[in-house]
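Heads up: numbering here begins at 1 and tracks the sequence. As the structure is a prediction and not an experimental result, all values here were calculated from the model.
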Amino acid sequence: MIVWINGAFGAGKTTTARELIELIPNSTLFDPEVLGGALTHLLPAKRLAEVGDFQDLSSWRRLLVDTAAALLAELGGTLVVPMTLLRQDYRDEIFGGLASRRIPVLHVLLAPAETILRERIAGREIPPDLPDGEMRVRQWAYDHIEPYRAALGSWLTADAHLVDTSAQTPYETARHIAEAVRTGDVPACDIVQTPEPTAETLAAGVLLFDEQDRVLLVDPTYKAGWEFPGGVVESGEAPARAGMREVAEETGIRLDEVPRLLVVDWEPPAPPGYGGLRLLYDGGRLTEKDQRPVLPGPELRGWRFVTEEEAADLLPPVRYERLRWALRARERGSALYLEAGVPV
């Protein structure tokens, strides 16, 4: 498993993590900062200049999941990960990726009072050989207090096990966390577990429309980007029925009739993905009572009805092309065959 120690910059995560691995048997410290440092040597300077934080690099988030899984496969036991995560979508992507590998994550938040946090930042040692160290270390921490406060007021308090470290030393904090882990007071994060495919997959999505003919999109917790309601077709399951099942599971909406096929799209393999067939069905126009889906917390974080133009800003390019051609097929009344989002 993973014990993820979250908190504002300057909250004492790394110091506490070093104490914690002495208290949890067969535990190892894994600091994802190392991956960020490696990417500064691997990625072009132009790409690095486009982001203000290495967490904004999709390669960093993917490497974090892959490296954590590899370390646990190599060492077993527990990984202690001290890393600030203040964006819920990044938390969902990373924890969802770990969940897909059947790795439970225990999320702990170090939450000293803000006055204490500012005092600790002010007293933080700056490496003498670090260029612009004052700006890069201390000011960085100050600048992230506001995003931390915003996350604390929304999703963080509902998700993580809070530890008030205002009057605790790192060792006392580590003892508290170790005991909470031992007794089960820190539950595993409730993130949906979607096993990663090991071969090509068949997936069925369903387009649902409101009275203005806008299409329903949902925001999954377990992967980046918006999506249509739907999912992978299970062994022995009819694809259209799979789409109906996924719509019911994801939104609480139960379709009375089997939806009409709009698009068959062959998605080519793009490592680490395997590709496969992607089907889109027309679920029809929802009634007024169905216009507010009921979303299961672990799987979806949001939903919205959008126009075709609005969908272009939310969907990954190939997924948007799939939607675009599905809407044309709906208008024409005949299904289309696509390869990588392009009609053939």
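Residue-environment remark: CD (Glu331) exceeds the threshold of 12 foreign heavy atoms within 6.0 Å. Within 6.0 Å of the CZ atom in Arg241, the count of heavy atoms belonging to other residues, nucleotides or ligands does not exceed 12. Taking a 6.0 Å sphere around CZ of Arg324, one finds it holds more than 12 heavy atoms contributed by other residues, nucleotides or ligands.
Side-chain atoms of Asp265 come within 3.5 Å of backbone atoms of Gly341 as a donor-acceptor pair (strictly under, hydrogens ignored). Judged by distance alone, the side chain of Arg319 and the main-chain N or O of Trp226 form a donor-acceptor pair under 3.5 Å. Side-chain N or O atoms of Glu227 include none that pairs as donor or acceptor with a backbone N or O of Gly205 at under 3.5 Å. A donor-acceptor distance shorter than 3.5 angstrom exists from the side chain of Trp4 to the backbone of Met83, with no hydrogens or angles considered.
For the pair Arg61 and Tyr90, the distance from NZ or CZ to the six-membered ring centre is under 6.0 Å and the angle to the ring normal is within 45 degrees. The cationic atom of Arg330 (NZ for Lys, CZ for Arg) lies less than 6.0 Å from the six-membered ring centre of Phe209 and within 45° of the ring axis.
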Show your working on salt bridge (Lys or Arg N to Asp or Glu O under 4.0 Å) between Asp213 and Arg285 and close with a plain yes or no. CA-CA 7 Å; Asp213 256 3; Arg285 191 172 283 116; 2.6 Å; yes
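Counting heavy atoms from C-beta on, the side chains of Tyr281 and Pro239 come closer than 4.5 Å.
Note: His107 and Phe95 have perpendicular aromatic rings, judged against thresholds of 30 and 60 degrees for the angle between ring planes.
A salt bridge between Glu237 and Arg245 is present, with a side-chain N of the basic residue lying under 4.0 Å from a carboxylate O of the acidic one.
Hydrophobic cluster membership differs between Val105 and Val108, with clusters built from Ile, Leu, Val, Met, Phe, Trp and Tyr side chains linked at under 4.5 angstrom.
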